[in-house]
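Take a look at the structure set out below.
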Amino acid sequence: MKKNIKQIMLCIFIFFAAQAAAQQVSVSGKVTDAEGNPVALASLLVQAPGDSSALAAVVTSSTGEFSFRVQLRPQAILSVRHLLFEEERQALSLQKDTTVSIVLTPRDHLLEGVTVTASKPRYTRSGGNMVVHVEQVPGSETDNVFDLLRKLPGVIASDHQGLSLHGMGVEVQVDGRSMAYMDAATLLKALPASALSQIELISVKGAEHDGATEAIINLKTKRKSIDGYFGMAGGAGRYYSKDMNLAVGQAFAMLKAKNITFNTTFNAEYINVKKLSGTDSTWFGDAQESLIFDATMAVKEFHLSNYSNLIWDIKPGQALAVNLSLFGAGFDRTDAGTYQNRINQTETSTTTKRDAPRLLTSANAEYQLGSMLKIYYGYVRGNSDYMDDIENTYTNAPALSIAHNEDNVEEQHMGKLDFNRKYLNEKLEVKVGTKATFATQENASRYVPNTSIAQDYAFNAKENISASYASLAYEIIPSRVFATVGIRSEYTSYSIEDITAGVSTKPSYWNYFPHGHIDIRVASWYSALPYITSGIERPNYRILLPGKRYTTDYSYSVGNPYINPTKYYTFAVSNTFLDAINLRLSYRIEEDKINSIKINKGGGVTENTYMNCADLQTFGLLSSFTFEELFNNKLSGSINYTWKKGKYGNLRHGFVIPEGKNEHDDMKLSSFIDFRFTKNMGVNANLSYQIKNKELQIEREPYASLDLGVSMNLLKSKQLSVNLEVVDIFNSVNKQYTLYYDNNVLVSNMALPSQYVQLKVFYRFSGGKRVEQKEVETNDIKRFTR
């Protein structure tokens with residue numbers, strides 16, 4: 001009997017327990033700030049109306065997410081609290097499973113001078129791409145962005161080798177907006193690294209990205225959330241080993257008042273090249289020396305640039321950003337050269353004097369409604385005015401003088417609309433968008449010779465681009481497997497008018513470009529990212545404009561308005577080990593590859609043109625090793641190796657490649673080491689070695705560069721920074737051999753200076769209400785930094 005009673009009681013207990021569980025509902029969601037950044041460690045408390053007792057209490061995860069179960073009831077109050085944000089209270093209906101999204105508003109009355117510090121790694125990963133937390137990189141308080149990029153794994157930023165990421169060409173963006181209209185090196189040298197919070201190294205482009213390059217470097221500027229100001233000003237002097245000097249002045253300011261943030265940066269640069277050896281070359285045609293050329297140059301050049309950014313946080317989830325960029329350049333250049341024509345036994349001395357003022361202006365605005373909708377409009381206008389006077393003195397020929405004036409005006413309008421929304425408990429993300437670009441170029445080239453070799457030509461050109469794109473991203477296995485697929489469709493049309501000849505052409509093309517990748521996080525020590533991406537490389541106006549344009553009596557250019565864009569596909573897989581070692585394998589196909597062609601017209605005269613010459617297939621390998629915080633957190637650095645091997649095929653348009661010259665080889669080794677004696681003093685070394693570089697028509701000799709520097713923070717407040725650097729200690733001569741398609745060879749020895757000593761001095765200032773805070777990986781909210 002007692003046994004039966006126990007069984008009955010057990011059944012009753014199980015029944016009521018099941019009923020209680022059945023009467024519970026699930027509440028889940030995510031807590032973010034006004035920018036959509038997740039807020040970690042926020043406290044959530046659920047209470048019944050008029051009752052102070054807690055029905056449930058949880059804390060958000062590192063991604064801002066939360067989930068809990070609570071008893072079914074008509075209504076409850078959800079309170080969300082965090083030290084840096086205003087308390088948020090919401091009414092909840094607990095009659096069924098509920099998903100909520102909570103946006104917190106930053107506090108605007110924080111204490112003066114509060115300091116919050118926490119550890120944060122220098123690099124983290126998002127969507128398969130690397131995110132660099134700028135304040136953790138040595139020298140970020142004194143470097144400009146160009147100098148800072150040289151310290152990042154996989155990045156090569158060099159005056160000799162240009163800018164690349166994992167061996168790929170790079171598009172520079174600021175807060176997700178392209179800076180393609182502005183010279184990238186000038187922008188990066190003008191912008192102080194202290195203006196940035198993060199740098200995104202995007203080697204996996206999505207359908208929403210356009211452009212010919214595979215990779216993106218996105219510079220994310222700081223956003224102060226309380227009133228105050230911060231700035232820095234200083235300059236640099238660069239002294240070359242040869243007759244060349246450079247002076248730079250920079251200033252940056254960030255101001256915050258209520259819900260408006262304003263950033264502005266100025267850069268002034270002056271270059272004085274007194275007299276330098278430029279090029280010493282010999283052209284071989286038909287197995288004999290046909291032309292020898294030796295050149296020197298003298299240049300005085302001045303650059304002035306400004307980039308300003310204003311952000312108005314209208315209300316939580318709504319913001320308007322306005323950007324303005326100005327770039328002005330002017331130079332007075334004199335080129336002197338001697339041509340020895342071995343075919344007709346003549347010698348020519350040439351002197352070219354050029355004055356070239358240039359102005360680029362850009363303005364754009366972006367309205368953002370939460371994380372769902374972005375509306376963007378951009379305007380760019382650029383103009384230049386080249387004035388050339390070319391004087392030739394012949395040994396065995398009459399004198400020739402050419403006055404060349406070229407006015408050039410470019411204008412571009414671009415509109416963009418992006419929609420982004422998440423579904424299925426934020427596991428599925430949908431992105432769709434459209435973009436339209438309208439660009440015009442007015443170009444007038446006028447030659448006034450006293451002989452008949454040059455002609456008058458004037459051109460106008462228009463380019464219209466319309467694009468639509470869509471992508472789906474899905475979290476297949478939580479925190480383990482993420483998949484993204486997308487497609488982009490583009491239509492481009494040109495209208496090119498040769499005013500002088502009265503001839504016009506209207507080429508156009510349409511195509512689509514698929515994208516996709518899978519982010520597989522096998523374990524905390526290993527992740528893999530296989531992906532496919534595609535795009536086009538459009539021919540620029542200079543290539544398309546028809547007609548004949550002389551530069552000297554031995555060289556002229558002919559445009560090709562019928563050229564097709566180069567379309568590319570890239571298949572790659574990126575492997576990451578312990579967040580320190582990256583190994584990337586890639587295969588790239590380029591169709592209708594565009595190349596510059598030089599044709600021997602006889603008598604030592606060359607014709608330059610562009611055409612679709614061949615297809616190119618390339619295999620690539622990247623290995624990157626990053627280390628930090630060794631020897632009691634004093635030593636950090638990176639080692640990068642890139643290798644690419646390719647081959648040209650499917651030759652077209654009469655293109656002929658000499659035997660054994662149809663390969664494409666590129667091999668680079670770079671490394672950076674930083675050793676901090678103290679927090680305010682350190683030394684660094686940057687080594688790069690171009691082991692091999694061979695392209696169609698061009699083969700360069702190996703090139704090595706070594707930079708050494710020391711940086712210090714002075715004064716009691718550590719606001720004065722001094723940096724001394726010796727660049728390109730080896731001062732190697734960069735020789736190159738150009739292989740022309742008709743078996744003529746130009747052997748060219750470039751001897752421009754590259755070795756210099758640079759001293760940089762900067763002073764930082766700040767004031768108002770401010771919070772000095774280093775970012776925490778698990779709490780990636782708005783940052784308040786000096």
Side-chain angles (χ1 to χ4, degrees), residues 36 125-131 165-166 168-173 175-180 200-218 366 368-369 371-378 414-424 426-437 464-476 481-492 509-520 528-538 565-574 584 586-591:
R125 297 191 177 274
S126 175
N129 297 307
M130 178 176 288
V131 178
L165 173 61
H166 300 333
M168 300 178 291
V170 168
E171 175 188 351
V172 178
Q173 296 183 354
D175 292 327
R177 288 172 285 274
S178 175
M179 298 289 112
E200 292 180 328
L201 304 179
I202 303 174
S203 56
V204 183
K205 291 177 62 174
E208 67 273 20
H209 298 124
D210 59 359
T213 57
E214 287 187 81
I216 295 175
I217 293 180
N218 183 30
E366 181 180 272
Q368 182 171 339
L369 179 61
S371 59
M372 291 193 302
L373 184 66
K374 289 183 181 180
I375 303 174
Y376 172 88
Y377 169 75
M414 186 180 77
K416 192 175 180 182
L417 177 65
D418 289 316
F419 177 81
N420 180 4
R421 189 164 183 179
K422 295 183 178 181
Y423 302 90
L424 303 178
E426 299 193 347
K427 289 186 177 182
L428 176 65
E429 183 177 22
V430 178
K431 292 182 180 180
V432 295
T434 183
K435 171 185 172 182
T437 302
N464 298 327
I465 304 172
S466 57
S468 298
Y469 39 90
S471 67
L472 297 175
Y474 186 69
E475 185 179 10
I476 301 175
V481 180
F482 308 82
T484 301
V485 294
I487 192 166
R488 181 184 186 89
S489 173
E490 286 196 16
Y491 176 79
T492 302
Y509 51 86
W510 173 87
N511 223 318
Y512 61 91
F513 310 101
H515 300 265
H517 67 266
I518 301 177
D519 188 1
I520 307 171
L529 187 78
Y531 67 90
I532 173 177
T533 185
S534 59
I536 59 171
E537 179 181 347
R538 299 184 185 90
T566 298
K567 184 176 181 180
Y568 67 83
Y569 297 89
T570 300
F571 306 86
V573 57
S574 181
R584 176 179 177 269
S586 64
Y587 171 62
R588 180 180 170 98
I589 302 173
E590 296 178 76
E591 300 175 352

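For the numbers below, each heavy atom of this structure counts, side chains included, while hydrogens, waters and symmetry mates do not.
A pairwise comparison of heavy atoms in L165 and V170 identifies N-CG2, 3.4 Å as the closest pair. Between K205 and A215 the shortest heavy-atom distance is CD-N, 3.9 Å. The shortest non-hydrogen separation linking V432 to A470 is CG1-CB, 3.9 Å. Taking all atoms of both residues into account, the shortest heavy-atom contact from H517 to L529 is CD2-CD1, 3.8 Å.
Taken from OG in S471 to CD1 in I487, the straight-line distance is 11.5 Å, to the nearest 0.5 Å. To the nearest 0.5 Å, atom CD of residue Q368 and atom CG of residue N420 are 9.5 Å apart. Between E537 atom CD and T566 atom OG1 the span is 5.0 Å, to the nearest 0.5 Å. In this structure, the separation between OG1 on T533 and OH on Y568 is 5.5 Å, given to the nearest 0.5 Å. Summarising the geometry, atom OH belonging to Y531 is positioned 11.5 Å from atom CZ belonging to F571; distances are rounded to the nearest 0.5 Å. Residue N218 holds its CG atom at 9.5 Å from CD of E171, rounded to the nearest 0.5 Å.
Remark: K431 pairs with E208 by the salt bridge (charged side-chain N to carboxylate O under 4.0 Å, His left out) rule, at least two apart or across chains. Residues forming a side-chain contact (heavy atoms from CB on, under 4.5 Å) with K435 (at least two apart in sequence, or on another chain): D210, M414, K416, T437, Y469, R488. For R588, the salt bridge (charged side-chain N to carboxylate O under 4.0 Å, His left out) criterion is met by E214, E590, not counting sequence neighbours.
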(request) List the steps, then state whether side-chain contact (heavy atoms from CB on, under 4.5 Å) holds for I532 with T570. (result) CA-CA 6 Å; I532 173 177; T570 300; over 6 Å; no
(request) Dump the intermediate steps for side-chain contact (heavy atoms from CB on, under 4.5 Å) on L373 and L417, then the final yes or no. (result) CA-CA 8 Å; L373 184 66; L417 177 65; 3.6 Å; yes
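Taking the side chain as every heavy atom from C-beta outward, I518 and V481 approach each other to under 4.5 Å. A 4.5 Å side-chain heavy-atom check between E490 and R538 finds at least one atom pair inside the cut-off. Within the 4.5 Å cutoff, the side chain of Y587 has heavy atoms near those of the I589 side chain. Between Y474 and L424, some side-chain heavy-atom pair lies under the 4.5 Å cut-off.
Taking the six-membered ring for Trp and thresholds of 30 and 60 degrees, W510 and Y512 have ring planes inclined between 30 and 60 degrees apart.
The closest donor-acceptor contact from the side chain of S534 to the backbone of P514 lies under 3.5 Å.
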